[in-house]
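Since the structure comes first, as C-alpha cells, the remarks are kept for the end.
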Amino acid sequence: MALVVSAIAGIRVGRILDHRGPRTVMTSGSVLATLSLLVVAAAPNPAVFHAGWVLAGIAMACTFYQPAFAAITRWWAPEHVRALTVVTLAGGLASTVFAPLTAVLADHLSWRATYAVLAGILALVTVPAHAFALNAPWPQPADATAHADKSGTRSVTRSLPFRMLATALTLSAFAMYAVVIALVPLLLERGYSTTQAAWVLGLGGAGQTLGRTLYGSLARRTGVTTRTVTLIVLGGITTAALALVPGPYALLAALSVAAGTVRGNLTLLQATAVTDRWGTSHYGRLSGILAAPGATAAALAPFAGAALAGPLGGYPALFLTLAVLSAAAAAFAAFGKAARRHP
C-alpha cells in the first residue's frame with residue numbers, strides 16, 4: 001500500500017521538484033518519514049498502523065530515488081550518469097547495512113522500540129543532511145526552451161513513444177520484482193535449503209551493485225533504444241535460465257548474479273530514460289508519470305507471482321511466464337523507437 005501511494009504521490013512531487021528543487025521536498029519528506037515510523041511504532045490498532053504506512057508512502061515519494069534522480073539530473077547534466085551511479089551504489093547499501101542492524105535491534109528490543117530507534121536514526125541523519133546540503137541554486141535546465149509549458153509536457157505524456165516506453169518499463173518491473181521475491185520458493189521447491197536460497201538471493205543483490213558500475217560504459221557505447229531493449233531481453237533470458245536450469249547450486253548462484261547485474265543496469269536505465277529522450281525540462285514530472293505504473297506493478301508483483309505459481313504448476317512455470325512477459329516488454333520498447341521515427 002505504501003509503495004502504491006508513493007507511486008501516485010510521485011507525480012505531484014515531480015512537478016514541485018521541477019519548480020522548486022529538492023531541498024524543501026526532501027527535508028519535509030524526511031520529517032514525514034520519521035513521523036510515519038513513529039506512528040507505526042505506537043499504533044494501537046490496525047487502522048492506525050495502516051495510516052502510518054500511508055504517510056510512509058508519501059514520504060517515500062519525497063525521499064527515495066525519484067527526487068534524488070531529479071536533483072542530480074538538473075545539477076549535473078549532461079555528466080549526470082556518473083553521479084546517478086554513485087547515488088544508486090550508496091542506495092544499494094541500504095539493505096546491506098540496515099538489515100543486520102535491524103536484526104540486532106529486534107533481538108534486544110520489541111518491534112515497536114526497534115521502529116522508534118530507526119525513526120530516530122532517520123531524523124538525525126537525513127533531516128539535517130537534506131536541510132543543509134541541498135542548498136545549491138536550482139538552475140534552469142540546459143534545454144529550458146524544450147517542452148517549457150504544461151502543453152508541451154502533456155504532448156510528451158500523450159505521445160505513442162512515451163506510452164510504449166511506460167508499458168515496456170511497467171511489464172519489465174513486474175517481471176523483475178516477481179522474480180526477486182519468487183527466487184527463494186523456486187529454490188526451495190527444487191530441494192535447496194532456506195540458507196542456500198538466501199545466499200543465492202543475496203548474491204543477486206551483489207550483482208545489482210556490479211551492474212550499476214557498468215552502466216556508464218554501456219551508455220557510452222549504445223543508443224538509448226538499443227540499450228533499453230537489450231537490458232530487458234537479458235532480464236528475460238536470465239529469468240528463463242532460472243526456470244530451466246535445476247542446478248548445480250553454483251550455476252544457480254551465478255545466474256542470480258547475472259540477473260542482479262541486469263537489474264542494477266535497469267535502475268539507471270529508468271533514471272536516464274526521460275533525459276535521454278526528452279531532455280531535462282520537466283524531468284521530475286515526466287519521470288514521476290513514467291515511473292508510477294512501474295512502481296505500482298513492482299508493489300503488486302510479489303502477490304501476483306505467488307498467486308500465479310499454483311495455477312501455472314509451480315515456480316519454474318511462473319519464471320517462464322515472467323520471461324515471456326519480459327519479451328513482450330522488449331517488443332514494446334522497440335516499437336516505441338519505430339513510433340518516434342514515424343509519428
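Since this is a predicted model, take the numbers as computed values, not measurements.
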Q) Should the ring pair Y249 and Y192 be called parallel, tilted or perpendicular, given that the plane angle runs from 0 to 90° and is split at 30 and 60? A)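 Tilted: the ring planes of Y249 and Y192 meet at 30° to 60°.
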With a 4.5 Å heavy-atom cut-off, do [X] and [Y] have their side chains touching?
| X | Y | value |
| --- | --- | --- |
| T222 | T230 | no |
| I289 | R285 | yes |
| F332 | L169 | no |
| W111 | V40 | yes |
| L183 | S256 | yes |
| V31 | T34 | no |
| L55 | L32 | yes |
| L134 | W75 | yes |

Shortest non-hydrogen separation from [X] to [Y] and the atoms involved:
| X | Y | result |
| --- | --- | --- |
| S36 | A33 | OG-O, 2.7 Å |
| A273 | L290 | CB-CD2, 3.9 Å |
| I232 | A329 | CG2-CB, 3.8 Å |
| L38 | A116 | CD2-CA, 4.3 Å |
| V233 | A330 | CG2-CB, 3.6 Å |
| A83 | I72 | CB-CG2, 3.5 Å |

Q | Centroid-centroid under 6.0 Å between W278 and F162 rings | A |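 Yes, close enough.
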Q.
Determine whether L122 and L118 satisfy the following criterion, side-chain contact (heavy atoms from CB on, under 4.5 Å), listing intermediate values before the conclusion.
A. CA-CA 6 Å; L122 182 68; L118 293 174; over 6 Å; no
Q: May I ask you to check whether over 12 heavy atoms, not counting those of W138, lie within 6.0 Å of atom CH2?
A: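 More than 12 within 6.0 Å, yes.
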Q.
Is it the case that atom CZ in R112 sees more than 12 heavy atoms from other parts of the structure closer than 6.0 Å?
A.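 Yes, the 6.0 Å shell around CZ holds more than 12 heavy atoms from other groups.
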With the 4.5 Å side-chain cut-off for hydrophobic clustering, are [X] and [Y] part of the same group?
| X | Y | answer |
| --- | --- | --- |
| L218 | M176 | yes |
| Y177 | L234 | yes |
| V245 | L322 | yes |
| V274 | I11 | yes |
| L244 | L251 | no |

Separation of [Y] [atom2] from [X] [atom1] (nearest 0.5 Å):
| X | Y | atom1 | atom2 | value |
| --- | --- | --- | --- | --- |
| L105 | Y115 | CG | OH | 12.0 Å |
| L188 | S193 | CG | OG | 8.0 Å |
| T209 | L89 | OG1 | CG | 6.5 Å |
| R23 | S28 | CZ | OG | 11.0 Å |
| R15 | L286 | CZ | CG | 11.0 Å |
| L255 | I237 | CG | CD1 | 11.5 Å |

Would you list the atom pairs, donor with acceptor, under 3.5 Å between side chains in residues 261-270 and any protein atom, with sequence neighbours excluded?
residue, atom, partner, partner atom, Å
T261, OG1, G207, O, 3.4
T261, OG1, V257, O, 2.9
R263, NE, Q208, OE1, 3.2
R263, NH2, Q208, OE1, 3.4
N265, ND2, G211, O, 3.2
N265, ND2, T261, O, 2.9
T267, OG1, R263, O, 3.2

Any donor and acceptor pair, going by atom type alone, linking the side chain of [X] with main-chain N or O of [Y] inside 3.5 Å?
| X | Y | value |
| --- | --- | --- |
| T27 | T24 | no |
| D276 | V224 | no |
| T272 | T275 | no |
| E79 | W76 | no |

Report, one line per pair, each donor and acceptor closer than 3.5 Å where one atom sits in a side chain of residues 296-321; sequence neighbours left out.
residue, atom, partner, partner atom, Å
T296, OG1, A292, O, 3.0
T321, OG1, A317, O, 2.9

Q: Quick one: do Q196 and V200 satisfy side-chain contact (heavy atoms from CB on, under 4.5 Å)? Show the steps, please.
A: CA-CA 6 Å; Q196 288 175 313; V200 171; 5.8 Å; no
Do we see a donor-acceptor contact under 3.5 Å between the side chains of [X] and [Y]?
| X | Y | value |
| --- | --- | --- |
| T225 | R277 | no |
| H80 | T73 | no |
| Y215 | T88 | no |

Q | Within residues 47-69 or reaching into it, pairs that qualify as side chain to side chain donor-acceptor pair (under 3.5 Å) - sequence neighbours excluded | A |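 Sorted pair list: Q66-S287.
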Q) Is there a side-chain contact (heavy atoms from CB on, under 4.5 Å) between V48 and N45 once you walk through the steps? A) CA-CA 6 Å; V48 177; N45 54 59; 3.3 Å; yes
**Q.** Stepwise side-chain contact (heavy atoms from CB on, under 4.5 Å) test for T126 and M26
**A.** CA-CA 9 Å; T126 65; M26 298 189 77; over 6 Å; no
